[in-house]
Amino acid sequence: MIADPRVFDDEFVPPDLLHRENEIEQLLRRFTTRHPAESDVLISGPSGVGKTVLARTAVDHLETQTDITRVFVDSLGKTTGRVLRATLEQLPRGPDDVAQTLPTQDVCREIREAITGETIVVLDEGDDLPQTNAVGELLAMANVTVVVIAHNGTDWLSQLDVTDGHRLDQGHLELDRYGVDELADILERRSRQGLHGEPVSRAQLEAIANEVAGVARYGIQSLRSAAVLARERGHRRIRDRDVDDAYEHARHRMRKLSLSSLPFHHQVLYAIVHETEELSASELHDRYDAVSEELYAGSTPQPVGERARRGKLSKLAEYDLIDYDGPTRDRLYWILDEDVEPKVELPEPVSSH
DNA sequence: ACTCCACAGGAAGGATTGGGCA
DNA sequence: TGCCCAATCCTTCCTGTGGAGT
């Protein structure tokens with residue numbers, strides 16, 4: 001049923017972006033302003049509403065029209081130096097591989113040298129950038145237009161240096177979730193691009209769009225899941241039952257992918273939380289201490305202390321794998337999808353009775 | 001009302017890693 | 001080779017929070 005799986009990838013850029021015509025126009029107008037300090041942009045909005053794909057579409061369009069260079073950097077978790085090195089590596093005249101130990105100031109100098117004409121640097125996943133100097137350094141460069149993508153624009157701006165913040169505030173573009181009709185249009189287009197023989201009705205697409213509350217990424221993954229389920233169940237067309245189960249199926253798959261991308265410590269903690277319905281911090285740490293000797297025996301990563309564990313638990317929550325609630329002292333942790341099985345097997349718990 | 005306790009999460013600093021360079 | 005630099009990931013220390021005990 002799925003004719004072209006790439007259509008459902010997060011990275012897929014559709015040939016034409018629906019229902020963002022105004023935003024694209026706004027971006028292009030700003031990019032082509034005559035005042036260099038007025039071309040920078042901050043794109044903000046909730047997860048999965050198409051911030052990245054909007055930036056790509058606008059910048060790609062500009063590239064076909066004018067003689068600009070474009071650079072995309074995923075800034076998630078990156079420090080000043082890493083953001084700037086990634087920028088330098090992607091410049092056409094820059095080196096392919098920049099040493100991690102090259103001093104940041106030298107990286108800036110090399111970026112300036114490698115820039116020939118107008119250049120747009122898109123910093124995706126830029127939520128943590130205010131804690132670095134990367135944005136300031138790039139804004140200070142001649143011929144560089146900075147585009148930052150972040151979740152909460154107002155928060156983001158308030159954390160930034162005042163003059164830099166002002167500059168990006170002028171070009172702040174806030175994206176909202178799609179309406180049900182709009183998202184259904186988008187899904188209809190994806191269905192034509194990625195599925196065989198129009199197997200899904202408008203009403204079904206609207207049901208999907210409604211369930212995911214306008215979050216395009218979830219909608220697209222649900223559509224994919226509906227097609228997968230229909231195929232598994234031997235249906236020639238997607239049935240309402242497939243649509244009903246699609247969102248859960250999609251979330252399950254996204255969580256499985258998230259979990260497998262995480263390193264060993266996270267896997268151990270996930271396995272511990274997975275063991276029981278819910279558990280307190282002290283139970284969690286006790287269990288960790290109990291299993292760590294066997295689990296980490298002879299392996300390169302060593303068990304980590306409680307403070308480091310807390311950081312990893314936040315990460316697991318960020319990845320939508322676990323959740324917690326309650327005031328500090330009585331906080332409980334639990335798994336969000338029991339069916340997402342842990343990748344490490346824990347030693348048998350010793351029964352206390 | 002006060003103190004105690006268990007825990008969260010920020011800040012600072014240390015150990016380690018690894019490429020560049022004399 | 002040994003030193004430098006920066007990054008990374010951890011620990012230690014610390015402050016804040018809110019329920020429980022007195």
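All of these numbers come straight from a predicted model, not from anything done at the bench. Below, read A as the first sequence line, B as the second, and so on, with proteins coming before strands; counting in each chain starts at 1.
Using modelled atom types, one finds a donor on one side chain and an acceptor on the other under 3.5 Å when comparing A:His172 with A:Ser44. One side chain, A:Thr52 or A:Asp124, offers a donor N or O that lies under 3.5 Å from an acceptor on the other.
For A:Tyr288 and A:His265, the ring centers sit 6.0 Å or farther from each other.
At most 12 non-hydrogen atoms from other residues, nucleotides or ligands lie less than 6.0 angstrom from CD of A:Glu345.
Between A:Lys312 and the phosphate of C:dC9, there is no side-chain N or O to OP1/OP2 separation shorter than 4.0 Å. In terms of phosphate contacts, A:His265 brings no side-chain nitrogen or oxygen within less than 4.0 Å of OP1 or OP2 of C:dC9. Between A:Arg82 and C:dA6 there is no side-chain N or O to OP1 or OP2 distance below 4.0 Å. Phosphate contact (OP1/OP2 of B:dA8, side-chain N/O of A:Tyr333, threshold under 4.0 Å): present.
Here the straight-line distance linking atom CG of A:Asp185 with atom NE2 of A:His19 works out to 3.5 Å at 0.5 Å rounding.
Distance from the side chain of A:Ala308 is smallest to C:dT11 among C:dT11, C:dA7, B:dA8.
As a whole-Å value, the separation of A:Arg310 CZ from B:dA6 C1' is 10 Å. Taking atom CG on A:Asp286 and atom C1' on B:dA6, their separation rounds to 13 Å, with Å as the unit. For the pair A:Tyr324 OH and C:dG18 C1', the interatomic distance rounds to 17 Å; values are reported in whole Å. The distance from atom CG of A:Leu313 to atom C1' of B:dG9 is 12 Å, rounded to the nearest whole Å. Regarding A:Arg331, its CZ atom lies at a distance of 16 Å from the P atom of C:dA20, rounded to whole Å. Remark: P of B:dA6 and CG of A:Leu284 are 17 Å apart, rounded to the nearest angstrom. A straight line from CG of A:Asp325 to C1' of B:dC7 spans 15 Å, rounded to a whole angstrom. Atom C1' of nucleotide B:dC7 and atom CD of A:Glu306 are separated by 9 Å, given to the nearest angstrom.
If you check distances only, the side chain of A:Arg307 does reach the base of B:dG10 with a donor-acceptor pair under 3.5 Å. Under 3.5 Å, the side chain of A:Arg329 and the base of B:dC5 form at least one donor-acceptor pair of N or O atoms.
Among the heavy atoms of the strands lying under 4.0 Å from A:Ser282 are primed sugar atoms or P, OP1, OP2 only; no base atom is included. No contact: A:Arg309 has no heavy atom under 4.0 Å from any strand.
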